[in-house]
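Note on naming: letters A, B, ... go to the chains in the order of the sequence lines (proteins, then strands), and numbering restarts at 1 for each one. Values below: every heavy atom of this structure, side chains too, minus hydrogens, waters and symmetry copies.
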Number of protein chains: 2
Amino acid sequence: MNESKIIDVAKRAGVSAATVSRVLNQSGLVKEKTKKRVQQAIEEMNYTPNAMAQNLRSRKTMKIGVVVSDIEVSYYAEIIKGIENMANSLDYNIIICDAQNLKTREYDYVSLLQNRTVDGMIFVTPLMNNKELIALVEDGYSIAVIGRFIEHEQIPCAFTDNVKIGKDVVDHLIEQGHEKIAFLSGYADAIDSYERLEGYMKALKEAGMPFIPELIDNGDFNESGGYEGFLRLRERNADLTAVFAANDEMALGVYKACKELLIQVPEQVAVVGVDNIRITRFITPNLSTVEQPKYAMGALLTEKLIDQMNGNEFQDKRYFKVESKLLVRESSLFAKHRSAEEQLGPG
Amino acid sequence: MNESKIIDVAKRAGVSAATVSRVLNQSGLVKEKTKKRVQQAIEEMNYTPNAMAQNLRSRKTMKIGVVVSDIEVSYYAEIIKGIENMANSLDYNIIICDAQNLKTREYDYVSLLQNRTVDGMIFVTPLMNNKELIALVEDGYSIAVIGRFIEHEQIPCAFTDNVKIGKDVVDHLIEQGHEKIAFLSGYADAIDSYERLEGYMKALKEAGMPFIPELIDNGDFNESGGYEGFLRLRERNADLTAVFAANDEMALGVYKACKELLIQVPEQVAVVGVDNIRITRFITPNLSTVEQPKYAMGALLTEKLIDQMNGNEFQDKRYFKVESKLLVRESSLFAKHRSAEEQLGPG
DNA sequence: GTCCTAAATGAAATCGATATCATTTTTAGT
DNA sequence: ACTAAAAATGATATCGATTTCATTTAGGAC
């Protein structure tokens, strides 16, 4: 155990604590000979500075909280990887806050900001709304948001062009000859859902196809929501031939419902999701989906947040619209052609 | 922002900092009237105690580090959920340390123990070996280990009976009529692998079947390791009809290899994994696997670790052999009978 | 050797909360 | 009303590292 403190090291080296600190932090001037002595004492005592004391003194914890709505969803896992790697490389650690799909838990975690356990927080969740997030910065805390655009000068955010995602998916489905295309939104009030719906409508309009409200329903971004949502959609529209789910988790729910109803995917109903979670490449038929640069968003926003925390102005800009890419796989192709890209699993 | 400190609250309430502290912690006696005044001041100033100062003073951080070898693997995600829920309920937060399959990163994270950023650490990884873990406790740190047995009085650990897992799986495969059953181990030196191999051999012996060394190979617990391992096995044993992979990730790699080699699962080669990760229920054919009480292990060990950190003796015992359960699904059943349990995805 | 400046070092305050110990106030008993 | 005991409160040291400011030492010029 590292029980020795700076003063112990100082005594052993025959200097004051201040000098040891100078050696540790390479601040101030220290004679080469003294430095050697101190370094040797540190070595011999196996001394490591106490981070809590440093935190208190510096008023920094070098920790970032990361709030995700469900850590089990691999979509988040990859973002987290991006966050953690960037954070670590800038000497920060991350505290993962798994809200387990409960908004109340997200509120609980905000206390980590308030009691200064973390220097800043990254929100990767559809639960907490914009107003609540803005209230946090107005209160003086540093935060960043991944997955949506948020209108506030001090909040760095990264998000994809959701309208484009909706448009791309529906364009593709129309091209495949579908005429009754359902849209399964996430939370009705989630911006992602709303914008993807916008893209959906835009695609229909450009194709000169009618917008049928009955073809719209919403889930909760989870598998069960997708399952139930599809059952409702199907009940109202026995003739639907394609479903655009606002994320892959819900698409999995659609698969489950189809299996139960003995509906063939994609022969009878085509399915497209969003996020490109890992399962999509393993499930049969492979799920068509939309890839977003998850890792990159995580890394980028972490950098921005740390910039922000250190009081630096945003050098270029504070928000980032990232590129998304439609991945056409088996679930939306009647003829089962496959390119290498769409084979089972990566190497 | 919460900029006010205890002394500011004290001034506003017309008392000393000590009294405010007493109100906050319900320690010591405070007159009801004073208490009200202090509480009002706290309310008005929106005061929250600074956790860093509390940490320094109490020599506790109320944080637990959780080292996992790869956060993206859902096997770990569920354990983490168990850990986090138990930790939160005991007022601890967790710092997730994703080693990203690099042993060096695990070493890096040990510094969080040394610099007292965390009070204790839970290791859920096959990378760090027993000797290294024991060295940590010998150094005075509190740790717990999930996924293996470790012989040290002060290390709580949870693990499954790996011999039984191996036995159960191979018994099942033998019962299905297989005679050339390959075993794809994880890291050759990982205890899990070794014990599962033991179970494998035990099953063969009891069935009066020969042990053929060529049928053993090892991967790295990852998909790619499973893929490559199977290719080697197959090369040596063109007649193998079943593969027991030491975990599901590797089984996924076996699937990939089979797909490429146009080998039918389970008709030509049966596959069984271990862990029951989420994908197993979505992939076709559903993967037979072994369920372990992941969430429960996480929660239990967290409780034990916190006990240990607080200097309490282990009330019952320090190590826990948990029950595992073989889940027979499509990948190891030639005739595709299915029970409800084995259908696609849970509700 | 003396003096002056620059380099090297140390003493002490600080970060913010808490616990100990001392002091003041209240209560109860006579 | 007086005293003893109990209750309430405050002053202060502490946790461990850092930083400012003061002081000492070293180095160079003369």
Open item on the list: Side chains of B/K304 and B/Q308, heavy atoms from C-beta outward: is any pair under 4.5 Å?
Closed with: no
Open item on the list: Taking the minimum atom-to-atom distance to the side chain of A/A53, which one of C/dA17, D/dT19, D/dA17 wins?
Closed with: D/dA17
TODO: Let me know the distance between CD1 of B/I7 and P of C/dT14, rounded to the nearest Å.
DONE: 13 Å
Open item on the list: Expressed as a whole number of angstroms, how long is the span from B/I42:CD1 to C/dA17:C1'?
Closed with: 13 Å
Task: Nearest-angstrom distance from the residue atom NZ of B/K11 to P of C/dG16 - done: 12 Å
Task: Pairwise 5' ranking along DNA chain D for B/L29 and B/L56, keeping only the more 5' one - done: B/L29
- [ ] Using atom CZ of B/R22 as one end and atom P of D/dA11 as the other, report the distance to the nearest whole Å.
- [x] 11 Å
TODO: Report yes if a side-chain nitrogen or oxygen of B/S16 is closer than 4.0 Å to either non-bridging phosphate oxygen (OP1 or OP2) of D/dA11; otherwise report no.
DONE: no
Open item on the list: Does A/V20 reach a base, just sugar-phosphate, or nothing at all? Heavy atoms under 4.0 Å.
Closed with: nothing
TODO: Would you indicate what A/S21 reaches in the nucleic acid, counting non-hydrogen atoms under 4.0 angstrom: base, sugar-phosphate, or nothing?
DONE: base
Open item on the list: Test your reading of the model: is there a side-chain donor-acceptor pair from A/R318 to the backbone of A/H152, 3.5 Å cut-off?
Closed with: yes
- [ ] For the residue pair A/T61 and A/T117, establish whether any side-chain heavy-atom pair is separated by less than 4.5 Å.
- [x] no
Task: A/N50 side chain near D/dC15 phosphate (N/O to OP1/OP2, under 4.0 Å) - done: no
Open item on the list: With a 4.0 Å limit, can you tell me whether A/Q54 has a side-chain N or O closer than that to the phosphate oxygens OP1/OP2 of D/dT18?
Closed with: yes
Open item on the list: From the set D/dT18, C/dG10, C/dT9, return the single nucleotide nearest to any side-chain atom of A/A17.
Closed with: D/dT18
TODO: Look at B/T19 and D/dG10 and indicate whether a side-chain polar atom (N or O) is within less than 4.0 Å of OP1 or OP2.
DONE: yes
TODO: Taking only the side-chain heavy atoms of A/V15 (C-beta and beyond), determine which of C/dA17, C/dA19, C/dG10 contains the nearest atom.
DONE: C/dG10
- [ ] Would you mind reading off the distance between B/R57 atom CZ and C/dT18 atom C1', rounded to a whole angstrom?
- [x] 5 Å
- [ ] Kindly say whether, by distance alone, the side chain of B/R116 makes a donor-acceptor pair under 3.5 Å with the base of D/dG16?
- [x] no
Task: Residue mapping more 5' on DNA chain D - nearest nucleotide basis, B/G14 or B/S58 - done: B/G14
- [ ] Return the value, rounded to whole Å, for the distance between atom CD of B/E32 and atom P of D/dA8.
- [x] 10 Å
- [ ] Starting from C1' on D/dA17, measure out to CD on B/Q114 and report it in whole angstrom.
- [x] 18 Å
Task: Any N/O donor-acceptor pair, B/R59 side-chain to D/dG16 base, under 3.5 Å - done: no
Task: Residue-phosphate contact under 4.0 Å: A/N55 side-chain N/O, D/dA17 OP1/OP2 - done: no
- [ ] May I ask you to evaluate whether A/T34 reaches the phosphate of C/dA8, defined as a side-chain N or O under 4.0 Å from OP1 or OP2?
- [x] no
- [ ] Decide yes or no for B/Q54 and B/L24: does some side-chain heavy atom of the first lie under 4.5 Å from some side-chain heavy atom of the second?
- [x] no
Task: Atom pair distance, as rounded to whole Å: NZ in A/K5 and C1' in D/dC15 - done: 7 Å
Task: Any side-chain heavy-atom pair of A/V145 and A/F159 under 4.5 Å - done: no
- [ ] Among A/I64, A/L113, A/I122, find the residue that satisfies the side-chain contact (heavy atoms from CB on, under 4.5 Å) test when tested with A/I143.
- [x] A/L113
